[in-house]
*Asks:* 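Here you go, one structure.
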Amino acid sequence: QVQLVESGGGSVQAGGSLRLSCAASGYSTTSSICMGWFRQAPGKEREGVALIDARRSAIFYGDSVRGRFTISQDPAKNKVYLQMNGLKPEDTAMYYCAARGNSCYTLLAAAYFGYWGQGIQVTVSS
């Protein structure tokens with residue numbers, strides 16, 4: 001059974017940094033092909049933040065986070081990370097780890113992902 005568990009969220013002031021972690025069980029990060037992070041703010045749709053396709057060595061970022069966020073993975077620990085620097089109040093949202101069993105060729109929509117974590121809150125104050 002595939003499980004994704006996020007950690008590392010919290011509250012930070014604008015300009016600060018946070019590092020999210022996603023621990024995968026029942027699912028190897030090297031075989032899952034595409035994993036990543038989505039976020040959803042109240043009243044808004046779930047949007048893609050960053051995806052990593054290990055098999056293709058490909059990484060994709062949303063326009064609003066490119067240059068500030070970095071996605072990485074540690075296959076030995078079965079973990080995926082999201083380093084968030086230069087945080088802004090508009091980054092405030094629930095962040096979700098997601099995985100799919102096929103490649104990602106672009107920043108795919110949430111509907112293409114079948115495995116999800118429970119979500120973790122990130123709050124950025126001005």
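One-based numbering along the sequence shown.
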*Asks:* Distance to the ring centre below 6.0 angstrom and angle to the axis at most 45 degrees; does that hold for Arg46 and Tyr96?
*Replies:* yes

*Asks:* What verdict does the side-chain contact (heavy atoms from CB on, under 4.5 Å) test give for Gln83 and Ser72, after you've listed the backbone C-alpha separation in whole Å, the side-chain angles of each residue and the deciding distance to 0.1 Å?
*Replies:* CA-CA 8 Å; Gln83 178 66 44; Ser72 62; over 6 Å; no

*Asks:* Does the side chain of Tyr81 come within less than 4.5 Å of Leu20's, by heavy atoms?
*Replies:* no

*Asks:* Do Leu82 and Val49 touch side chain to side chain, with heavy atoms closer than 4.5 Å?
*Replies:* yes

*Asks:* Is Met84 close to Val122 at the side-chain level, that is, under 4.5 Å between some pair of heavy atoms?
*Replies:* yes

*Asks:* CG/Asn102 to CD1/Ile33 distance, rounded to the nearest 0.5 angstrom?
*Replies:* 6.0 Å

*Asks:* Inspect the contact between Lys88 and Asp91 and indicate whether a charged nitrogen and a carboxylate oxygen are less than 4.0 angstrom apart.
*Replies:* no

*Asks:* Please list, chain by chain and in numerical order, all residues satisfying side-chain hydrogen bond (donor to acceptor under 3.5 Å, both in side chains) with Glu90, sequence neighbours excluded.
*Replies:* none

*Asks:* Same cluster or not: are Val5 and Ile120 linked, directly or through other Ile, Leu, Val, Met, Phe, Trp or Tyr residues, by side-chain heavy atoms under 4.5 angstrom apart?
*Replies:* no

*Asks:* What are the two closest heavy atoms between Met35 and Ala99, and how far apart are they?
*Replies:* CG-CB, 3.8 Å

*Asks:* Between Asn78 (side chain) and Ala24 (backbone), is there a donor-acceptor pair under 3.5 Å?
*Replies:* yes

*Asks:* Would you say the side-chain atoms of Arg39 and Ser64 include a donor-acceptor pair closer than 3.5 Å?
*Replies:* yes

*Asks:* To the nearest 0.5 Å, how far apart are CD in Gln13 and OG1 in Thr123?
*Replies:* 12.5 Å

*Asks:* In this structure, would Met94 and Leu4 fall into the same cluster of hydrophobic residues linked by side-chain contacts under 4.5 Å?
*Replies:* no

*Asks:* Tell me whether Glu6 contacts the main-chain N or O of Gln118 through its side chain, where contact means a donor paired with an acceptor under 3.5 Å.
*Replies:* yes

*Asks:* Quick one, Cys97 with Trp116, criterion side-chain contact (heavy atoms from CB on, under 4.5 Å). Give me CA distance, side-chain angles, the key distance, then yes/no.
*Replies:* CA-CA 6 Å; Cys97 179; Trp116 292 90; over 6 Å; no

*Asks:* Which label fits Phe69 and Tyr95: parallel for a plane angle under 30°, tilted from 30 to 60°, or perpendicular past 60°?
*Replies:* tilted

*Asks:* So that I know where these two stand, are Phe113 and Phe38 an aromatic pair - ring centroids less than 6.0 Å apart?
*Replies:* yes

*Asks:* Work out which heavy atom in Leu108 is nearest to a heavy atom in Leu51; give both atom names and the distance.
*Replies:* N-CD1, 3.4 Å

*Asks:* List in chain and number order the residues that pass salt bridge (Lys or Arg N to Asp or Glu O under 4.0 Å) with Arg19, two or more places apart in sequence or in another chain; answer none if no residue qualifies.
*Replies:* none

*Asks:* So do Glu45 and Gln40 actually touch side chain to side chain, heavy atoms under 4.5 Å?
*Replies:* no

*Asks:* Is any side-chain heavy atom of Arg56 closer than 4.5 Å to a side-chain heavy atom of Tyr105?
*Replies:* yes

*Asks:* Run the side-chain contact (heavy atoms from CB on, under 4.5 Å) check on Ser21 and Lys77 step by step: do they pass?
*Replies:* CA-CA 11 Å; Ser21 298; Lys77 296 182 179 179; over 6 Å; no

*Asks:* Is the backbone of Cys34 close enough, under 3.5 Å, to the side chain of Asp53 for a donor and an acceptor to pair up by distance?
*Replies:* no

*Asks:* Can you name the nearest heavy-atom pair linking Ala14 to Ser126, along with the distance?
*Replies:* CB-CA, 4.3 Å

*Asks:* Which heavy atom of Gln73 sits nearest a heavy atom of Pro75, and at what distance?
*Replies:* O-CD, 3.6 Å

*Asks:* Applying the 4.5 Å side-chain criterion to the ILVMFWY set and letting contacts propagate, would Tyr61 and Val80 be lumped into a single cluster?
*Replies:* yes

*Asks:* Decide yes or no for Gln121 and Thr92: does some side-chain heavy atom of the first lie under 4.5 Å from some side-chain heavy atom of the second?
*Replies:* yes

*Asks:* Is the shortest heavy-atom distance from the side chain of Leu18 to the side chain of Leu87 under 4.5 Å?
*Replies:* yes

*Asks:* Under 4.5 Å between side-chain heavy atoms, counting indirect links through other Ile/Leu/Val/Met/Phe/Trp/Tyr residues: same cluster for Ile52 and Tyr112 or not?
*Replies:* no

*Asks:* Between Trp37 and Cys22, is there a side-chain heavy-atom distance shorter than 4.5 Å?
*Replies:* yes

